[in-house]
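Being a predicted model, the structure only gives us computed values, none of them experimental.
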Amino acid sequence: MKKNKHNFYFLAMVMLLFAIGNYLVISSDIIPPLHDANVCYSDSIRYFKAFIHDFKVDNLKILFTNINSYSPLYMLAPFPFYIIFGPTANVMAMFNLFYVFILVVALYKIANFLYGKPAGLLAAILLLTFPSIVGFSRVTHMNIAITSILALNVYFLLKANNYHNKVFSLWAGITALIGGLIGLKYIIYFAGIVLVSLGSSFCSQFLIPKKDRKRVLLNVAIFLLCAILFSALFYYFLTSSFDLPDDSKVEGRSYNFKWEGFLAAITGFKVDSFFLNLGNYFQLLRQHILFPNFLLFLMSVFFIGVNLFKLNHRIIFFGWLLSPILLLSLLAFANLELIGTQPRFLLPVLPAVVIMIAGLLSKLRRLMKRYFLYRGEIAFAAAVVIVLFLNYGFFLKHYPYPQNSSELLGRRVQFGILRPVSERCPVSGLLSFLEARVMGREDKAYLLVIFEDNNNTAPLSLEIIYDQLRKRKLKIKLLTSMGLSIYSLNHLHNFEENSNFIKKVFMSTDYILYIKNKSGIKTMGRVEEQYYRSNKSLKEMFFKKKNKLKLIWRHQAYPQDFFNDTLLLFSFQPELSGATGEE
């Protein structure tokens, strides 16, 4: 009992230091949420306004109108903290500490359950050295929530003991329901765990008395009812309200949520794409956990050996760690190479890796203690400290300070790594120019932003523009091609029929900002974002009307610039056709 208290106090101290570190990093970060993190934060604020500030029963509809088919629980959870501290991105990001706490406790319990003490303590400490775990705990995206709830779900399944325990079977089902309502991706990672646990339970039916079989089957039914039925009802309503037009294709790929797409993934499965994704899986796993931890993981597979085929270890290794390889690789039929373009999709399997490493270290500790007594304990503790220092060294090597906006954007989106930006951004010059132009105006000026299809760093400039506009309180309304596309999609579901609407918006704007970037560095793989960026109506109008536009300001990107976008500001207004400003 005394040792348990010591472990508790130590973990509490670690979590306190972790919380302080997150606060310092999040509060000093000047860049607002990007991409999916921005979707989560924006929807969270939208829900908060709809349900707290101006609640109406009709507002409940917005839970089923999310353009990315995100379920709402992650966005709703921070509401109590919004009421106390205000609805900001920093508050939402700090709320992730709640999920980190769940994750640490779940891992502590699982590792101790499988390998005995102090495996749980080792697992908790090592997990907080994984860059992506630390990174996404500071980002307003549901990755960390899915990861933590999944770990808690695994713990309850292990304690359910092949569904012999009714209480833990029920808790496993409830936790799975919560995970499903946090994100649809949760089902992908949990599916393999469920299949392994149900398979083991089915095989064990032949080894238990007949009188116990009905009890086990009842527990399985309770688990499945909570885990699948209730969340399935929500996703039925969600996906039935989400519909992309028939021409929603990018490079011959369609993006839909119909069952035909899932069947096509199975029937069109490609072996070569599968092995390509298999290689990407382990390559990206090394990036996520750093090289010293990756070596320990490979050693754990070798030394734990036969244990991997025991019941509880099967759930961890085959159900949790390996099943996403097959499930995600099914998408290879469309050449999406989902793992390769979205490394963050591996985040939910990282706790399985650290559990295996903790098992190896726990076994090593017992051997050293057996042969070297107390000197072995000291040597083992020194070895753990050395591993932690090596991890820090490899972190600096794998993730040096980004040299341009492409690297900054990629690491924030894919690994959650926030880095301070001290370089001067061209956006500040743009807004200073616009501020002088709109000074004294009573009505708002409208700024429409267009950027090239191959410019994957432009959203970084866009987010900084949004943030700076809010801070400066300028009378400028920002419109984007993606925003116009989503707006028209939500209303008429057909871009061609909406060309008149887009044309009207285009011609009525005061300014048009064109963002160019020829870096060729790809940092995104979302199909719908590529599609919305390629709004044909808007792009065609821009180039047809370009000779009528007046270039009134520009910032030419230079190779040494951190933000390597070229910003070109145009206007239709004849009174603004004077000298061109240039930085």
Side-chain angles (χ1 to χ4, degrees), residues 1 3-15 18 99-130 133-134 144 147-161 168 171-172 175 189 193 196-197 285 288-290 292-322 347-369 377 380-381 383-385 387-388 391:
M1 180 65 71
K3 195 168 186 180
N4 285 340
K5 284 186 177 181
H6 289 164
N7 289 347
F8 172 79
Y9 292 140
F10 183 78
L11 284 178
M13 184 182 68
V14 170
M15 282 300 302
F18 188 86
Y99 299 110
V100 175
F101 174 77
I102 292 177
L103 181 57
V104 167
V105 171
L107 281 187
Y108 178 81
K109 294 286 189 180
I110 293 172
N112 281 346
F113 180 78
L114 292 176
Y115 303 110
K117 300 172 183 177
L121 196 61
L122 291 169
I125 294 172
L126 280 176
L127 179 79
L128 298 181
T129 67
F130 288 2
I133 295 293
V134 176
I144 194 68
T147 303
S148 65
I149 300 301
L150 185 65
L152 185 63
N153 217 159
V154 171
Y155 173 67
F156 286 143
L157 275 179
L158 293 175
K159 294 291 288 186
N161 189 26
F168 280 106
W171 276 112
T175 309
Y189 303 100
I193 297 169
V196 171
S197 65
L285 191 63
H288 274 290
I289 67 177
L290 301 175
N293 291 328
F294 187 70
L295 285 181
L296 290 174
F297 166 67
L298 295 180
M299 292 171 63
S300 71
V301 175
F302 177 78
F303 283 105
I304 294 175
V306 179
N307 286 340
L308 296 176
F309 296 91
K310 292 181 179 179
L311 169 61
N312 294 330
H313 296 80
R314 283 201 300 267
I315 292 177
I316 303 296
F317 186 72
F318 295 103
W320 195 351
L321 180 66
L322 295 184
L347 194 72
V349 306
L350 299 189
V353 175
V354 83
I355 288 170
M356 296 181 62
I357 294 175
L360 169 69
L361 294 178
S362 183
K363 186 175 182 178
L364 178 62
R365 174 183 172 272
R366 286 195 297 269
L367 290 174
M368 295 180 70
K369 187 177 179 180
E377 288 272 36
F380 176 78
V384 171
V385 172
V387 169
L388 295 177
N391 282 331

Original post:
Between Y115 and I355, is any pair of side-chain heavy atoms under 4.5 Å apart?
Top reply: yes
Original post:
Should F18 and V134 count as side-chain neighbours, where that means a heavy-atom distance under 4.5 Å?
Top reply: yes
**OP:** Measure the spacing between CG of L322 and CD1 of I316 and express it to the nearest 0.5 Å.
**Re:** 11.5 Å
**OP:** Can you see which heavy atom on W171 is nearest to which on F156, and at what distance?
**Re:** O-CD1, 3.8 Å
Original post:
Ignoring hydrogens and geometry, is there a side-chain-to-backbone donor-acceptor pair from W320 to V353 under 3.5 Å?
Top reply: no
Original post:
What distance separates L296 CG from M299 CE, expressed to the nearest 0.5 Å?
Top reply: 6.0 Å
Subject >> Over all atoms of both residues, closest heavy-atom pair of K117 and R365 >> reply: O-NH1, 4.2 Å
**OP:** Provide the closest heavy-atom pair for M368 versus F380 in the form atom of the first, atom of the second, distance.
**Re:** CE-N, 3.7 Å
Original post:
Is any side-chain heavy atom of L350 less than 4.5 Å from a side-chain heavy atom of L347?
Top reply: yes
Original post:
Which residues satisfy the side-chain hydrogen bond (donor to acceptor under 3.5 Å, both in side chains) test with N391, sequence neighbours excluded?
Top reply: N293
**OP:** Report the residue from N112, V154, V354 that forms a side chain to side chain contact (heavy atoms under 4.5 Å, CB included) with L107.
**Re:** V354
Original post:
What are the two closest non-hydrogen atoms of A352 and L321, and how far apart are they?
Top reply: CB-CB, 4.1 Å
Subject >> side chain to side chain contact (heavy atoms under 4.5 Å, CB included) partners for S148, two or more places apart >> reply: Y99, I102, L103
Name every donor-acceptor pair, under 3.5 Å, that has one atom in a side chain of residues 119-129 and the other anywhere in the protein, sequence neighbours excluded.
unit_1: T129; atom_1: OG1; unit_2: L126; atom_2: O; d: 2.5

Original post:
Nearest 0.5 Å, what's the CZ-CG distance between F303 and L367?
Top reply: 9.5 Å
Original post:
What residues form a side chain to side chain contact (heavy atoms under 4.5 Å, CB included) with L295, not counting sequence neighbours?
Top reply: F291
Original post:
How many angstroms lie between CG in N153 and CG in L158, if you round to the nearest 0.5 Å?
Top reply: 10.0 Å
Subject >> Side chain to side chain, V104 and V14, heavy atoms closer than 4.5 Å >> reply: no
**OP:** Sequence neighbours left out, what passes side chain to side chain contact (heavy atoms under 4.5 Å, CB included) with V301? Give chain and number order.
**Re:** F297, L308, F317, M356
Original post:
Do I193 and L157 pass the side-chain contact (heavy atoms from CB on, under 4.5 Å) test, and can you show the C-alpha distance, the side-chain angles, and the key distance before you say yes or no?
Top reply: CA-CA 9 Å; I193 297 169; L157 275 179; 3.6 Å; yes
Original post:
Just how far is it from atom CG of L364 to atom NZ of K369, taken to the nearest 0.5 Å?
Top reply: 13.5 Å
Original post:
How would you list, by chain and number, every residue that makes a side chain to side chain contact (heavy atoms under 4.5 Å, CB included) with V196, sequence neighbours excluded?
Top reply: S200, R314, I315, F318
**OP:** Look up atom CD1 in I110 and atom CG in L114, then write down how far apart they are to the nearest 0.5 Å.
**Re:** 7.5 Å
Original post:
Does Y155 reach the side chain of T175, with side-chain heavy atoms less than 4.5 Å apart?
Top reply: no
